[in-house]
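Since this is a predicted model, take the numbers as computed values, not measurements.
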Amino acid sequence: NLYNRRAFHERMKALFAQPEKLRVSALMMMDLDNLKYINDTYGHDWGDHYIKAAASVIERTFEGEGFFARISGDEFLVFVDRCADADGAYRLFDSFMRALDTSVLEAPDATVLKVRASVGVAFYPEDAVDFSHLREYADFAMYEAKNHRKGALLRFDRKSHERGAFILNNKEDLNRLL
């Protein structure tokens, strides 16, 4: 019962069409950790239970604080637009991570499966003033978490993003040179 990608994007488009109504807001992008392992080990039905457990934590934490969507198999977006300031959003995200950390499933072989996710967050208007950049930056922070501190929540860091873009651009130049 979550928004899908299209419904989420339509809602974001409507919000960003009237930026004067937006206060401090945050976009959280989440990618479930270990879903492939669960699917391969216990089957896709258990993978679905894992996804639903994560969605349940999202709904409980963010209901009334913004809106959320499952945008692909194991990726979710949450837009928080009802906090007074960035500290309020951080408290909400911390509460989410604690709730996620206590969410478990018991597999058919009695193994306890903790629901884990790598999470990235970008803030409006501090990090970006349009949805496409806000999403790009939340996505970047999520992949930083996934690649360096799996299971963590990371805030978008412009210096890391610029360093990554510099390396990527120079790598392309080097490939062309070779």
- Note on the structure: To the nearest 0.5 Å, atom CG of D87 lies from atom CG of L92 at 12.5 Å

- Message: Quick check on the hydrophobic clustering: are F140 and V129 connected, directly or via other members, by side-chain heavy-atom contacts under 4.5 Å?
- Response: no

- Do we see a donor-acceptor contact under 3.5 Å between the side chains of S118 and D31? no

- Kindly work out whether a path of hydrophobic side-chain contacts (I/L/V/M/F/W/Y, heavy atoms less than 4.5 Å apart) joins L32 to M97. yes

- Query: Below 4.5 Å, heavy atoms only, C-beta onward: do V121 and F93 meet side chain to side chain?
  - Reply: yes

- Item | Pairwise distance NZ(K146) to CG(D139) - rounded to 0.5 angstrom | 11.5 Å

- Query: Measuring from F79:CZ to L22:CG, what's the distance to the nearest 0.5 Å?
  - Reply: 5.0 Å

- Pair V57-V115, side-chain contact (heavy atoms from CB on, under 4.5 Å): steps then yes or no: CA-CA 10 Å; V57 175; V115 180; over 6 Å; no

- Quick one: do L113 and Y42 satisfy side-chain contact (heavy atoms from CB on, under 4.5 Å)? Show the steps, please. CA-CA 11 Å; L113 305 170; Y42 302 105; 3.9 Å; yes

- Note on the structure: In terms of heavy-atom contacts, A145 and A152 come closest through CB-O, 3.6 Å

- Measure from the ring center of F76 to the ring center of F68 and say whether it is less than 6.0 Å. no

- Side-chain contact, heavy-atom cut-off 4.5 Å: R135 with L77? yes

- Note on the structure: To the nearest 0.5 Å, atom CD1 of I71 lies from atom CZ of R6 at 14.0 Å

- Message: If you compare all heavy atoms of A7 against all heavy atoms of N4, which two are closest, and at what distance to 0.1 Å?
- Response: N-OD1, 2.8 Å

- Query: Any chance CZ of R23 has more than 12 other-residue heavy atoms, nucleotides or ligands included, within less than 6.0 Å?
  - Reply: yes

- Does atom NZ of K150 have more than 12 heavy-atom neighbours from other groups under 6.0 Å away? yes

- Output for pair (L105 CG, I38 CD1), nearest 0.5 Å, gives 7.0 Å

- Mind checking whether M29 and M12 sit in one hydrophobic cluster, side chains of I, L, V, M, F, W, Y counted as touching below 4.5 Å? yes

- Message: Side-chain heavy atoms nearer than 4.5 Å, only ILVMFWY residues, links allowed to pass through others: does that put M142 and F96 together?
- Response: no

- Query: Any side-chain heavy atom of L15 within less than 4.5 Å of one from F67?
  - Reply: yes

- Item | Test of ring centre spacing under 6.0 Å for Y124 and F16 | yes

- Exercise: identify the closest heavy-atom pair between L35 and G73: CD2-O, 4.5 Å

- Path from V119 to V78 over hydrophobic side-chain contacts below 4.5 Å: yes

- Smallest separation among heavy atoms of A26 and A89, with atom names: CB-CB, 4.5 Å

- Item | Shortest non-hydrogen contact from A54 toward M30 | CB-CE, 3.9 Å

- Given the side-chain rings of F123 and Y90, with only the six-membered ring counted for Trp, is the space between their centroids under 6.0 Å? yes

- Task: State, with a plain yes or no, whether a side-chain heavy atom of F131 is found less than 4.5 Å away from one of H9.
- Result: yes

- Message: Could you tell me if R91 and S95 have a donor-acceptor pair between their side chains, going purely by distance under 3.5 Å?
- Response: no

- S56: which of R60, E59, K52 passes side-chain hydrogen bond (donor to acceptor under 3.5 Å, both in side chains): R60

- Query: Stepwise, does the side-chain contact (heavy atoms from CB on, under 4.5 Å) test hold for R5 with E75?
  - Reply: CA-CA 10 Å; R5 177 193 303 263; E75 289 186 341; 5.7 Å; no

- Message: Applying side-chain contact (heavy atoms from CB on, under 4.5 Å) to F62 and M28, what does each step give before you reach the verdict?
- Response: CA-CA 11 Å; F62 296 107; M28 180 185 97; 4.0 Å; yes

- Query: Can you find a pair of side-chain heavy atoms, one from E144 and one from F156, that are under 4.5 Å apart?
  - Reply: no

- Pair listing, salt bridge (Lys or Arg N to Asp or Glu O under 4.0 Å) test, anchored in residues 106-128, at least two apart: D101-K114, D101-R116, E126-R155, D127-R155

- To the nearest 0.5 Å, what is the distance between CG (D33) and CG (D74)? 8.5 Å

- Message: Between D130 and H133 (side chain of the first, backbone of the second, donor and acceptor by atom type, cut-off under 3.5 Å), is there such a pair?
- Response: yes

